[in-house]
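These notes are about the structure you will find just below.
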Amino acid sequence: MKKFQVITLFPEMFTGVFEHSMMWKAQKDSKVELTTINLREFGMGKRRTVDDTPYGGGDGMLLMVEPLWKAVEYAKQQDPGAKVLIMTPRGMRWKQSIAQKYSESPHGYIFICGRYEGYDERIMALVDEEVSVGDYVLTGGELPAMTIIDSIVRLIPGVLGGETSAVIESFSDGETLEFPQYTRPVEWQGMQVPEVLLSGNHGEIAKWRAKQSRKAE
Ligand code: 4GN
């Protein structure tokens, strides 16, 4: 079973997301195991400190290397073959084809979610991939980690189940955006459902959808 372990100072941010329908079902069906590791438990001293000021000066605090290192080692003990990913705006831009690749690979993943102004660079010795969800800065790596986990888990065979989703997936081959869709009523505020979709002509419908799907980027 594929393990996803998330190292974070805010494990409670993940409870709603991991317990929500798709992720909950994937866990219930033993497709994935989703766990959090509280970085605070690996903090230094009585106060369980995880951050410190940067050498050379500068604003704000950095996550210290030792608590992060120990948390990653702990996660590796649970899943020795796991790949370690760190969420950072300077990382490799996440996209559908990479989510597909990750969903097909046999090993689990360890996500490091940072806070504050950054990490002590030496943690990179344990990191396999720096990952970004886009060219913007967030206050923590938690939202990017949730986004990436969602995009991988839904592609694991048997997780979505519904044939509709699978059809859209194979049609879109990961890089093509979905075509416009409509449901009842056939007219709303003067806006009509395209005639072809009501025609029952599956060949024409497929052609229309292919034309409507735009290539990403
Ligand atoms: C990742 C992390 C944005 C992304 C992040 C992203 C937390 N913001 N674009 N913020 O995927 C410095 C240390 C910023 C943690 C990091």
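Sequential numbering from 1 along the given sequence is applied to the chain's residues.
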Taking atom NE2 of His107 as the centre, does the number of heavy atoms from other residues, nucleotides or ligands within less than 6.0 Å exceed 12? yes
Flag if over 12 foreign heavy atoms under 6.0 Å of CD, Glu187: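 It does: Glu187 CD has more than 12 such atoms within range.
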Check this for me: does any side-chain nitrogen of one of [X] and [Y] sit under 4.0 Å from a carboxylate oxygen of the other?
X	Y	answer
Arg90	Glu121	yes
Arg115	Asp51	no
Glu41	Lys70	no

Audit row: Glu104, Gln100, side-chain hydrogen bond (donor to acceptor under 3.5 Å, both in side chains) steps and yes/no: CA-CA 6 Å; Glu104 287 163 7; Gln100 187 70 51; 2.9 Å; yes
To the nearest 0.5 Å, how far apart are [atom1] in [X] and [atom2] in [Y]?
X	Y	atom1	atom2	result
Thr36	Phe4	OG1	CZ	14.5 Å
Ile98	Ile152	CD1	CD1	10.0 Å
Asp79	Thr35	CG	OG1	9.0 Å
Leu85	Ile112	CG	CD1	8.5 Å
Lys76	Tyr74	NZ	OH	15.5 Å
Ile148	Leu143	CD1	CG	11.0 Å

Take Phe14 and Thr8, measure what side chain to side chain contact (heavy atoms under 4.5 Å, CB included) needs, and give me the verdict at the end. CA-CA 10 Å; Phe14 290 83; Thr8 171; 3.9 Å; yes
Are any non-hydrogen side-chain atoms of [X] and [Y] less than 4.5 angstrom apart?
X	Y	result
Phe42	Ile37	yes
Leu63	Asp52	no
Trp208	Glu204	no
Leu9	Tyr116	yes
Leu138	Pro144	yes
Glu130	Met124	yes
Val72	Val84	yes

Would you say [X]'s side chain and [Y]'s backbone share a donor-acceptor pair under 3.5 angstrom?
X	Y	answer
Lys2	Ser105	yes
Asp29	Lys31	no
Tyr119	Leu62	no
Arg40	Arg48	yes
Gln27	Phe18	yes
Gln5	Ile110	no

Please answer: with hydrophobic residues joined when any side-chain heavy atoms are less than 4.5 Å apart, are [X] and [Y] in the same cluster?
X	Y	answer
Ile205	Phe179	no
Tyr182	Val186	yes
Met146	Trp24	no
Met64	Met61	no
Ile149	Met92	yes

Determine the minimum heavy-atom distance between [X] and [Y], stating which atoms define it.
X	Y	answer
Ser151	Ala99	OG-CB, 3.7 Å
Val193	Pro185	CG2-O, 3.9 Å
Glu142	Cys113	OE2-CB, 3.6 Å
Pro54	Gly58	CG-O, 4.0 Å
Glu117	Gly60	OE1-CA, 3.2 Å

Let's go through Ile156 and Val32 carefully: what are the C-alpha distance in whole Å and the side-chain angles of both, what is the deciding distance for side chain to side chain contact (heavy atoms under 4.5 Å, CB included) to 0.1 Å, and is it a yes or a no? CA-CA 9 Å; Ile156 294 171; Val32 295; 3.4 Å; yes
Are Trp94 and Tyr102 close enough that their ring centres sit under 6.0 Å apart?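 Yes, the ring centres sit under 6.0 Å apart.
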Could you go step by step and tell me if Met87 and Val133 meet the side chain to side chain contact (heavy atoms under 4.5 Å, CB included) rule? CA-CA 8 Å; Met87 304 303 113; Val133 293; 6.0 Å; no
Side chain to side chain contact (heavy atoms under 4.5 Å, CB included) for Lys25 and Val159? Distances and angles first, verdict last. CA-CA 7 Å; Lys25 193 172 168 296; Val159 166; over 6 Å; no
Partner of Leu68 by side chain to side chain contact (heavy atoms under 4.5 Å, CB included), out of Leu39, Val50, Ile86, Asp120: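 Among Leu39, Val50, Ile86, Asp120, the one that satisfies the side chain to side chain contact (heavy atoms under 4.5 Å, CB included) with Leu68 is Leu39.
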